Amino acid sequence: FSFLCFVSYFYSIDPNRSLERIISVPLLFMLLCAGLNYFSREDNLQKFMVMYVGSALIACVYLFFTEDIFSGGVVGWAINNTNIVGTRFAFAVVFMVYFLLRRVKWWKLLISAVLVIFLFLTASRSSVIIMSVSVAVLIIVTFKQRGKNIIGALLIITALLALFIYLIFRVEFFYNIIGVRMEGALSLVQTGQGDSSSTKRLNLMRFGWKAFKEHPFFGQGLNTFLIGTKQVIGAQLYSHNNYLELLVGVGIVGALSYYMLPLTLVWNSFKLMGRGKKSAALGALVFSLLIGMFVSDFFTVNYYSKTM
């Protein structure tokens with residue numbers, strides 16, 4: 001993938017803009033390799049999850065004291081883009097569900113509840129979807145591994161979804177923050193008309209698909225999606241979609257090369273599930289996180305991200 005990114009410089013419609021990402025991609029790849037080597041040890045992965053949840057809780061405390069979380073406004077900008085903050089909370093919730101599936105404790109439930117509340121406060125629709133899908137996959141796979149009735153897993157998932165739907169659409173405080181945005185997205189799917197954010201993303205997808213069809217195999221150059229958006233959207237915007245960003249930039253060949261690693265990790269997670277009890281549980285977690293990442297890539301551009 002790094003090589004294809006480098007090659008794209010020579011046919012890019014804007015070589016200078018491509019160069020901005022070409023320099024960082026190999027460095028991030030080396031960092032990723034180092035991370036995979038570290039996480040190959042189960043104990044290290046466990047420590048990472050604890051630290052990740054701990055950092056998410058610290059973020060909650062920081063937001064509590066730096067932003068007015070009771071004002072009914074979106075929370076999270078004091079740290080970063082709210083979609084990014086929401087996604088971090090979503091993965092922290094998945095880690096907590098993993099710990100809960102091992103042993104239920106009241107303090108684990110409390111931490112999970114706090115993380116979910118702050119996730120809702122970011123008003124990030126994509127984060128709610130990522131959390132819901134990842135948690136559902138983790139519960140189903142874990143139940144199947146343990147030989148438990150899958151109906152039990154489906155009942156737990158249904159109960160959690162019912163709780164989330166109630167909080168988002170029936171509790172006025174959360175509805176004014178995240179509920180109205182969820183309704184806007186649902187309206188776009190049902191009627192073709194939604195809120196401005198959903199409509200903008202749809203227009204970006206249409207533009208991206210058109211640009212991809214013009215250069216389907218190797219793309220038009222890394223990091224060049226936003227060049228043509230000014231004519232269509234009225235401003236230079238990135239795609240909000242990792243798949244489209246890669247397809248437009250480096251084509252089918254580049255996108256496939258990028259996803260070879262996560263697909264390999266999916267395969268390895270299946271192999272982990274066939275080992276001992278502890279390894280199987282971690283395999284289920286890794287699989288659910290990867291599914292969450294694939295879902296996340298529909299809403300964000302992650303190929304040059306420095307954080308999880």
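Here the structure is a predicted model, which is why all the values come from computation and not from measurement.
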Point to revise | Test of ring centre spacing under 6.0 Å for F95 and Y52 | key: yes
Review point. Using 30° and 60° as the class limits, which term best fits the ring planes of F70 and F64: parallel, tilted or perpendicular?
Key: perpendicular
Exercise for review: Measure the shortest side-chain to side-chain distance between L246 and D297 over non-hydrogen atoms and say whether it is less than 4.5 angstrom.
Suggested key: no
Review point. What is the minimum heavy-atom distance between P262 and M293, and which atoms define it?
Key: CB-CE, 3.6 Å
Review point. Looking only at atom types and distance, does a side-chain atom of R181 sit under 3.5 Å from a main-chain N or O of R125, one as donor and one as acceptor?
Key: no
**Study point:** Shared hydrophobic cluster, M51 / L100 (ILVMFWY, side-chain heavy atoms < 4.5 Å)
**Key:** no
Revision key, fill the gap. Between S257 and L4 the two heavy atoms that sit nearest each other are OG-CD1, 3.5 Å
Exercise for review: Tell me, with the steps shown, if N241 and L204 meet side chain to side chain contact (heavy atoms under 4.5 Å, CB included).
Suggested key: CA-CA 9 Å; N241 185 308; L204 286 169; over 6 Å; no
Check your understanding: Is the backbone of R17 close enough, under 3.5 Å, to the side chain of N223 for a donor and an acceptor to pair up by distance?
Key -> yes
Review point. If two hydrophobic side chains count as joined below 4.5 Å and joins carry through other members, does L138 share a cluster with W267?
Key: no
Review point. Once the angle between the rings of Y175 and F169 is folded into 0 to 90°, is it parallel (under 30°), tilted (30 to 60°) or perpendicular (over 60°)?
Key: tilted
Exercise for review: Check whether any side-chain heavy atom of L121 lies under 4.5 Å from a side-chain heavy atom of T82, and answer yes or no.
Suggested key: no
Point to revise | Test ring-ring contact (aromatic ring centres under 6.0 Å, His included) applied to Y243 and F294, F298, Y303, the passing residue | key: F298
Check your understanding: Rounded to the nearest 0.5 Å, how far does CG of L247 lie from CZ of F217?
Key -> 12.0 Å
Check your understanding: Picking from T142, L282, V135, V53, what satisfies side chain to side chain contact (heavy atoms under 4.5 Å, CB included) with Y98?
Key -> L282
Practice item. Could you please spell out the steps behind the side chain to side chain contact (heavy atoms under 4.5 Å, CB included) verdict for S296 and N302? Key: CA-CA 8 Å; S296 170; N302 292 318; 3.3 Å; yes
Point to revise | Any side-chain donor near an acceptor of the partner, S12 and S8, under 3.5 Å | key: no
Practice item. Mind running side chain to side chain contact (heavy atoms under 4.5 Å, CB included) on I156 and F143 for me, showing each step along the way? Key: CA-CA 11 Å; I156 293 174; F143 267 63; 3.6 Å; yes
Check your understanding: Backbone N or O of F99 within a donor-acceptor pair of the K105 side chain at under 3.5 Å?
Key -> no
Practice item. Identify the residue among I130, I129, V128 that makes a side chain to side chain contact (heavy atoms under 4.5 Å, CB included) with S132. Key: V128
**Study point:** Considering all heavy atoms, the nearest V250-A255 contact
**Key:** CG2-N, 4.0 Å
Revision key, fill the gap. When rounded to the nearest 0.5 Å, the distance separating CD1 of I117 from CG of L167 is 8.0 Å
Exercise for review: Taking the side chain as every heavy atom from C-beta outward, state whether I84 and T300 have any pair of such atoms under 4.5 Å apart.
Suggested key: no
Check your understanding: Between Y259 and N242, is any side-chain donor less than 3.5 angstrom from a side-chain acceptor?
Key -> yes
Point to revise | Within one Ile-Leu-Val-Met-Phe-Trp-Tyr cluster: L265 and I291, side-chain cutoff 4.5 Å | key: yes
Check your understanding: Any idea which heavy atoms bring S112 and M96 closest together, and the distance?
Key -> OG-CB, 3.2 Å
Exercise for review: Please answer: with hydrophobic residues joined when any side-chain heavy atoms are less than 4.5 Å apart, are I58 and F89 in the same cluster?
Suggested key: no
Review point. Would a hydrophobic clustering, with Ile, Leu, Val, Met, Phe, Trp and Tyr connected at side-chain separations under 4.5 Å, put F65 with V85?
Key: yes
**Study point:** Any side-chain donor near an acceptor of the partner, S124 and N83, under 3.5 Å
**Key:** yes
**Study point:** Within 6.0 angstrom of E172 CD, more than 12 heavy atoms from elsewhere
**Key:** no
Practice item. Quick one: pull up CG in L222 and OH in Y11 and give me the separation to the nearest 0.5 Å. Key: 8.5 Å
Review point. Can you tell me if E245 uses its side chain to pair, donor with acceptor, with the backbone of F225 under 3.5 Å?
Key: no
Practice item. Provide the closest heavy-atom pair for M131 versus L119 in the form atom of the first, atom of the second, distance. Key: SD-CD1, 3.9 Å
Review point. From L57 CG over to L115 CG, what is the distance, rounded to the nearest 0.5 angstrom?
Key: 5.0 Å
Exercise for review: Measure the spacing between CD1 of I177 and CZ of F173 and express it to the nearest 0.5 Å.
Suggested key: 4.0 Å
Study note, to complete from the structure: A59 and I79 have their tightest heavy-atom pair at CB-CD1, 3.8 Å
Practice item. Classify the ring geometry between F212 and W209 as parallel (under 30°), tilted (30 to 60°) or perpendicular (over 60°). Key: tilted
Check your understanding: Do F207 and V248 come within less than 4.5 Å of each other through their side chains, counting heavy atoms only?
Key -> no
**Study point:** Atom pair OH (Y166) and CG (L163), whose distance is rounded to the nearest 0.5 Å
**Key:** 9.5 Å
**Study point:** side chain to side chain contact (heavy atoms under 4.5 Å, CB included) assessment of T87 paired with T122
**Key:** CA-CA 9 Å; T87 301; T122 65; over 6 Å; no
